[in-house]
Amino acid sequence: MSASVELQDVCADFGSFRAVDNVSLSIEAGEFFSFLGPSGCGKTTILRMVSGFISPTAGTISIGGKDMRNQRPNQRPTALIFQNLALFPLMPIWENIAFGLEARGVDKKTRRKRAEELLALVDLPNAADKTVAQLSGGQKQRVAIARALAVEPSVMLLDEPLSALDLKLRQHMRAELRAIQKRTNVTFIYITHDQGEALAMSDRVAVMSHGKLQQVAPPREIYNQPATGFVAAFVGESNIFSGTLASRSGDRGEFQTESGVFKGRLGPDIGDGAKLYVRPEHVKLDAAAINGNTIPVEVTDIAFEGNFISIQTIDATGRTVVSETRNDGTASVPDRGTKLFASFDADKAFILADEAKNQPVAAA
Amino acid sequence: MNDLVHRYGTALTLLMCLAVAFWLVILVIVPNLYLFENSFRPYLPVQDMGGPKDVYTLKNYLTFFNSPIHITVFISTVLYSSIVTVICFVLAYPLAYYLSKKVSVKSLPAIFLLLTVPLWVSEIMRSFAWFIILSLRGPLNYLLINIEVIDKPIRWMTGFRSVIIGLVYTYVLFMLFPIYNAIQSLDTAQIEAADDLGAPWWRIHWRVILPHAKPGIASGSVMVFMLSAGSILVPTLLASTNSRWFTEIIQQWMFESLDWNTGAAYAFLLLILCTVFVTLVMRIFRVKLSDIAK
Ligand SMILES: Nc1ncnc2c1ncn2[C@@H]1O[C@H](COP(=O)(O)OP(=O)(O)OP(=O)(O)O)[C@@H](O)[C@H]1O
Ligand SMILES: [Mg+2]
């Protein structure tokens, strides 16, 4: 009961504005796949193309190996959960959930029974005869999921369904959604601009910027081996050094910056505008200099974040370098003004194409 | 109130309130009360007024119930006003849906202008225009014959046909705008959700759009029905000899028989019976008064 989804060279234009630019990827059947990107990067547009509300300007979309061109939304094996849920406020909850079955001509008794089963599945028993207005945000959320599941879609499309919920509920619903996906084994395509959500729930994540795919990979790879500067900066935090690539050998390179020459790993497709990215947790502060990738710095600020401690420093050129250490309860924290040496592993430093090189492009 | 005084000063606020009160009391309430009072008095020659015969009575109202012809006219007025209301709905609903969900926002002002331009012309002119269009040798028959839809001219102005056409034309916008407003306020995502869940277009209308538009449909229907039943110009101009409108009878009492008392009684009967009718219909369709006020 799940299907693969394939996008091939898909573009979407609104007038002269290209909202989705040449996106190609394939999502496996039963996968929990997320699109992650900032507001306005084209996530909803992709989802609306998959569900059939808009047609791609170019490229093809196929679901379960079948070309979806000329298939109306009501003919596709997809169910979309809208950004604002779009429940029917004038119907009781059970009719909301059974609406898809009603449209398929299922009789009332069966519909009611199925609605109650689905309500149990999403952990909302006894809500069948309530109205939409009587439910809380999280409960509405579940009704929307149940309504989409009722039509037994092969592909569920979810457009930031948790964005309206508070933090605690959001975390709870994350686990719930993941569990529902595993239970039903339906392909989930999930949209979010919340990286925590994408990383925690997904089998694979596609990071997008300005309508372009930046990287498609499992969450750990996205975080540990960002493919572009945009990914390194958008997912998690990074210290960013501008400069020029001085030399390269294999997948390693030497990067010339104002603060010195650093060794790092080379990302794919580096143009002229490469930068060096290092995550704060990979920056160590020591009293003595170590060979290679070391910058003398002075501590300027210390932020205690609970499970970790963030230490801000500046180097001789005035650049801020942030270092993070886990708070294991015993870690010693340097005082403000202490002079130390910041260093990082060449394995943990990435020389990547600059995000500024991925500016929006006008459609041809 | 304080807000008004603060914004416009005491003098201007007082003036505005007085103007509204004048309009309401002198121009609306007092004349109606006067008519209402008169409807319970017998129609008397001048010398008997204030005399022993000038007592309150239900005689004027009973005149109606004792006159089968007037009752028939009343019933056909209600019937044909209902038909007008239904036709207005059938015309206005698709247009309202189209305007609120399909037309691009940019072209809306132009369309609304086109729709309301006829309202700039007085009702009497528009009714006369229909009188000309619908006449036996008028442009409509000429057109229909020339495009070979019909081979003999149709006698439009017989029975209630022309009255219905005239009333629909005059009042259809009173149906359009409330429905337009209602559908406009429906989140388009709900329509898309229903579509996505596999519902065909007619079910989307039946289950999602129509229920949402119900208050608009109700207030549009009440307006069109009441305006039609109370209309005098259109029926006078477009009715034939065999189709009389209840308002014409009221007019007869007042201006031909000069019996304002019975005329007033008939006018209030029209108001009361139509209100009862509308209330009943609203019950059947489960519309509440508060829905309409929204
Ligand atoms: N109907 C439209 N007409 C014109 N431009 C549009 C239309 N729909 C979307 N856009 C533009 O396309 C871009 C992508 O929009 P989209 O809704 O896909 O963004 P998104 O990634 O879902 O953002 P968000 O996280 O805010 O929901 C935006 O810049 C938006 O302005
Ligand atoms: Mg969106």
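Residue numbers begin at 1 in each chain, while the letters A, B, ... track the order of the sequences. Note that these values count all heavy atoms, side chains included, but never hydrogens, waters or copies made by symmetry. Just so it is clear, the structure is predicted and the values come from calculations on it, not from any experiment.
Salt bridge A/E102/A/K108: absent, no basic N to carboxylate O contact under 4.0 Å. Salt bridge status for A/K109 with A/D107: absent, with no side-chain N to carboxylate O gap under 4.0 Å. Salt bridge absent: A/R111 and A/E95 never bring a charged side-chain N and a carboxylate O closer than 4.0 Å. Ion pairing between a basic and an acidic side chain is recognised when a charged N comes within 4.0 Å of a carboxylate O; B/D196 and A/R72 show no such pairing.
Only the backbone of A/L87 comes within contact range of chain B, with at least one heavy atom under 4.5 Å from a heavy atom of that chain. No part of A/Q83 comes within reach of chain B, as not one of its non-hydrogen atoms sits under 4.5 angstrom from that chain. If you measure heavy-atom distances from A/L80 to chain B, the contacts under 4.5 Å come from both the backbone and the side chain. Using a 4.5 Å cut-off between heavy atoms, B/D195 contacts chain A through both its backbone and its side chain. For A/F82, the part sitting under 4.5 Å from any heavy atom of chain B is the side chain, from C-beta outward, and nothing else.
Side-chain contact between B/V84 and B/Y171: absent, with no pair of heavy atoms (C-beta onward) separated by less than 4.5 Å. Using a 4.5 Å heavy-atom threshold, the side chains of A/V20 and A/M49 count as touching. Using a 4.5 Å heavy-atom threshold, the side chains of A/M91 and B/V208 count as touching.
Aromatic ring pairs are classed by plane angle as parallel below 30°, tilted from 30° to 60° and perpendicular above 60°; the pair B/F160 and B/W245 is tilted.
Listed by sequence position, A/R48 are the residues of residues 25-48 of chain A in contact with chain B, using a 4.5 angstrom heavy-atom cutoff. At a heavy-atom cut-off of under 4.5 Å, chain B is reached by no residue from residues 112-136 of chain A.
Note: A/P89 leads A/G52, A/P89, A/A144 in heavy-atom pairs under 4.5 Å with chain B.
Counting only distance, with no hydrogens or angles, the side chain of B/H212 and the backbone of B/A182 share a donor-acceptor pair below 3.5 Å.
Rounding to the nearest 0.5 angstrom, the gap separating the OG1 atom in B/T275 from the CG atom in B/L273 is 8.5 Å.
Figure legend: B/R203 and A/F99 shown without cation-pi pairing, the cationic atom not lying both under 6.0 angstrom from the six-membered ring centre and within 45 degrees of its axis.
Of the listed residues (A/E160, A/E197, A/R178, A/Q181), just one forms a side chain to side chain donor-acceptor pair (under 3.5 Å) with A/Y190, and that residue is A/E197.
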